[in-house]
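Note sheet for the following structure.
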Amino acid sequence: FVTMRFTGWAVDLLCEVNPEYKKHVVFEGKVKTLYVRCNKAIYGCVMSGLLWYELFSSVLEKRGFAINPYDFCVANATIEGSQCTIGWFVDDTKISHVKAKVVTEIIATLESRFGKMAVTRGPRHAFLGMQIEYHGDGTASIHMPSYIQEAIDESGLQVNTSSPSPCSGTLLKIDPDSPALGRKRAQTFHSVVAKLIYVGTRARTDILLALGFLCSRVSAPTEQDEKKLKRLLEYLRGTKEMPLRLGADSLNHFMTWVDASFATHHDMRSHTGGVISFGWGGIICKSKKQNINTKSSTKAELIGASDYLPHTLYVKMFMEAQGYPITKAIFYQDNESAIKMERNGKASCGQRSRHIDIRYFFISDHSKSRNIDIVHCPTTDMLADFFTKPLQGSLFRKFRSVLLGHAHINTLRDHTSPETNEERVGSENTTVPPGSGLTHAASGASNGASNADTRGKYRVTNEEKTVLNAAHSVEKYP
């Protein structure tokens, strides 16, 4: 059971509701105190979530389900020869099985214990603010247009245009002379950024770089930061209906890309980016400032790989616990020196790298014990580059298509699009007038950019169609 302690005015309020409580009031020093035992879990209490989890999971275990040891909110059971999987968040539950009648039986089991449930069946579901749709080709799409619109409305900014990318090339530059926001504007800034974190980690991984920087500014935002937030919202306004599409070529092998951008922040710290994919779309995308300063790009890459490797290990162990043994896990990097040190440990360190902390070499042990292949990836194909620097133009759209699952990962080897330094950094202010879609963003980078058509409710340029159509003709990664 759960015991709660009330003090001060809360005691008077409870006694007013129920005078019987008065005889249980005590004074601890000069503080009026009342202890009560909760008959039911109360939302917001520390123990409530744990008690609910223990109750819900015990009901599933009695039904024959086994909890995945790497995600305690996923349970599996073999029913009528096929796997039934249940995933849940508090009391929002998703149940899947090849036979509808098995799902019906599980629902009946839960309703017999917890009461009537609102049930949705079919290919389309609303789950925790996400619109999820399952397609007949083995993929699923996730988009959150209403959540994005809520963030735009809450910001109070005049978001009337559409930007071609989430941020300009000066995203990481900080103007120390920019005026600080007032209290109310700062609170709104913080609230909108927090709302966008939920969108970015679930459906719009293409905004994580800009979002990561804005998160570091919420404690003391300036007018410059607010302009950067507005730029991000303008981009989301123009791509509000753009979904994240996920799929797998095989559930037995996956790929990881990790990259680091050396000394890009104002304090000369580097930035790590990483992404994991089973073929269509990125499932775990990260964009994070490194915690220490480094003396070389090689050490920055090594630290980035060390920081991101736990996500690769987690996916491998989680999938194996789900019943899908991983036979191939490839870890892509574009720095040859870092790869040698990751494969060989200190044996590959020279005079300029002997100082590197041994803890960053645990990747060499896990790459052998966990059968993870560290493979060199050309910089032009480095998908994680998307999360380390503000790309622009055709390179931005190419990587975005792959990250959001609109194009297969094999299209990374399509080098028909021009790649310039300008596309990697972009300009300070580039916006698209209302009603013109996103094609204006490519007008300086591709001849086909002005000829756009519509797929779904967002714009696709001829260049992006070339990337999409190349999925079946490009040589596959190893």
Exercise. What about the rings of F386 and F396, do their centers lie closer together than 6.0 Å?
Worked result: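 Yes: the rings meet the under 6.0 Å criterion.
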
Exercise. Taking the six-membered ring where the residue is Trp, are the ring centres of Y70 and Y314 under 6.0 Å apart?
Worked result: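 For Y70 and Y314, the ring centres are not under 6.0 Å apart.
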
From [X] [atom1] over to [Y] [atom2], what is the distance, rounded to the nearest 0.5 angstrom?
{"X": "S394", "Y": "L391", "atom1": "OG", "atom2": "CG", "result": "10.0 Å"}
{"X": "E301", "Y": "T388", "atom1": "CD", "atom2": "OG1", "result": "8.5 Å"}
{"X": "S155", "Y": "F189", "atom1": "OG", "atom2": "CZ", "result": "11.0 Å"}
{"X": "L383", "Y": "M255", "atom1": "CG", "atom2": "CE", "result": "10.5 Å"}
{"X": "D153", "Y": "L157", "atom1": "CG", "atom2": "CG", "result": "11.0 Å"}
{"X": "I79", "Y": "C84", "atom1": "CD1", "atom2": "SG", "result": "4.5 Å"}

All ring pair (Phe, Tyr, Trp, His ring centres under 6.0 Å) counterparts of [X], not counting sequence neighbours:
{"X": "Y324", "result": "none"}
{"X": "F127", "result": "none"}
{"X": "F278", "result": "F254"}

Exercise. When you look at NE2 of H253, are more than 12 heavy atoms from neighbouring residues, nucleotides or ligands closer to it than 6.0 Å?
Worked result: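 More than 12 within 6.0 Å, yes.
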
Problem set entry | Exceeds 12 heavy-atom contacts within 6.0 angstrom, atom NZ of K286 |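 Count not over threshold, so no.
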
Determine all donor-acceptor pairs shorter than 3.5 Å in which one atom belongs to a side chain in residues 115-125; sequence neighbours excluded.
| unit_1 | atom_1 | unit_2 | atom_2 | d |
| --- | --- | --- | --- | --- |
| R121 | NH2 | T104 | OG1 | 2.7 |
| R124 | NH2 | E133 | OE2 | 3.3 |
| H125 | NE2 | G122 | O | 2.6 |

Under a plain distance cut-off of 3.5 Å, with no hydrogens placed, do [Y] and [X] share a side-chain donor-acceptor pair?
{"X": "S165", "Y": "R231", "result": "yes"}
{"X": "S82", "Y": "E80", "result": "no"}
{"X": "S163", "Y": "E234", "result": "yes"}
{"X": "Q322", "Y": "N76", "result": "yes"}
{"X": "S162", "Y": "R237", "result": "yes"}
{"X": "T188", "Y": "E154", "result": "no"}
{"X": "R413", "Y": "T380", "result": "no"}
{"X": "T256", "Y": "T312", "result": "yes"}

For this session: Decide side-chain contact (heavy atoms from CB on, under 4.5 Å) for L412 and V402; before the verdict, give the C-alpha distance in whole Å, the side-chain angles of both, and the deciding distance to 0.1 Å.
Result: CA-CA 8 Å; L412 290 174; V402 175; 3.9 Å; yes

For this session: Answer yes when E223 and K227 have at least one side-chain N-carboxylate O distance shorter than 4.0 Å, and no when they do not.
Result: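 Salt bridge: no.
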
Exercise. Does D206 pair with R400 as a salt bridge, N-O distance under 4.0 Å?
Worked result: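 Not counted as a salt bridge, because no side-chain N and carboxylate O are separated by less than 4.0 Å.
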
Flag the pair [X] / [Y] as yes when at least one side-chain heavy-atom distance between them is below 4.5 Å, and no otherwise.
{"X": "D225", "Y": "T222", "answer": "yes"}
{"X": "D91", "Y": "F56", "answer": "no"}
{"X": "Q149", "Y": "K240", "answer": "yes"}
{"X": "L60", "Y": "L110", "answer": "yes"}

Looking at [X] and [Y], would you say the former's side chain and the latter's main chain have a donor-acceptor pair under 3.5 Å?
{"X": "T239", "Y": "Y235", "result": "yes"}
{"X": "T139", "Y": "H135", "result": "no"}
{"X": "R245", "Y": "I142", "result": "no"}
{"X": "S178", "Y": "I174", "result": "no"}
{"X": "K228", "Y": "L171", "result": "yes"}
{"X": "S306", "Y": "L302", "result": "no"}

Closest non-hydrogen atom pair between [X] and [Y], with its separation:
{"X": "C215", "Y": "I197", "result": "SG-CD1, 3.4 Å"}
{"X": "V59", "Y": "F114", "result": "CG2-CZ, 3.8 Å"}
{"X": "S168", "Y": "P390", "result": "O-CB, 3.4 Å"}
{"X": "M382", "Y": "Y332", "result": "CE-O, 3.7 Å"}
{"X": "M144", "Y": "V199", "result": "SD-CA, 4.0 Å"}
{"X": "L244", "Y": "L403", "result": "CD1-O, 3.6 Å"}

For this session: Write out all pairs satisfying salt bridge (charged side-chain N to carboxylate O under 4.0 Å, His left out) with one or both partners inside residues 169-185, taking only residues at least two apart or from two chains.
Result: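 Matches after skipping sequence neighbours: R185-E226.
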
For this session: Could you walk me through whether S287 and H271 pass side-chain contact (heavy atoms from CB on, under 4.5 Å), step by step?
Result: CA-CA 7 Å; S287 180; H271 199 95; 2.8 Å; yes

For this session: With ring-ring contact (aromatic ring centres under 6.0 Å, His included) as the test, would you mind laying out the steps for W257 and F399 before giving the verdict?
Result: CA-CA 12 Å; W257 290 262; F399 281 172; 9.7 Å; no

For this session: Just do the side-chain contact (heavy atoms from CB on, under 4.5 Å) check on D259 and Q333 with the steps written out, would you?
Result: CA-CA 6 Å; D259 191 32; Q333 283 198 277; over 6 Å; no

For this session: List the steps, then state whether side-chain contact (heavy atoms from CB on, under 4.5 Å) holds for V74 with I67.
Result: CA-CA 6 Å; V74 176; I67 306 297; over 6 Å; no

For this session: Go through the structure and list residues passing side-chain hydrogen bond (donor to acceptor under 3.5 Å, both in side chains) with Q290, not counting sequence neighbours.
Result: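 Q290: side-chain hydrogen bond (donor to acceptor under 3.5 Å, both in side chains) contacts with T272.
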
For this session: On the 0 to 90° scale, with breaks at 30° and 60°, tag the W280-H408 ring pair as parallel, tilted or perpendicular.
Result: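 Correct class here is perpendicular.
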
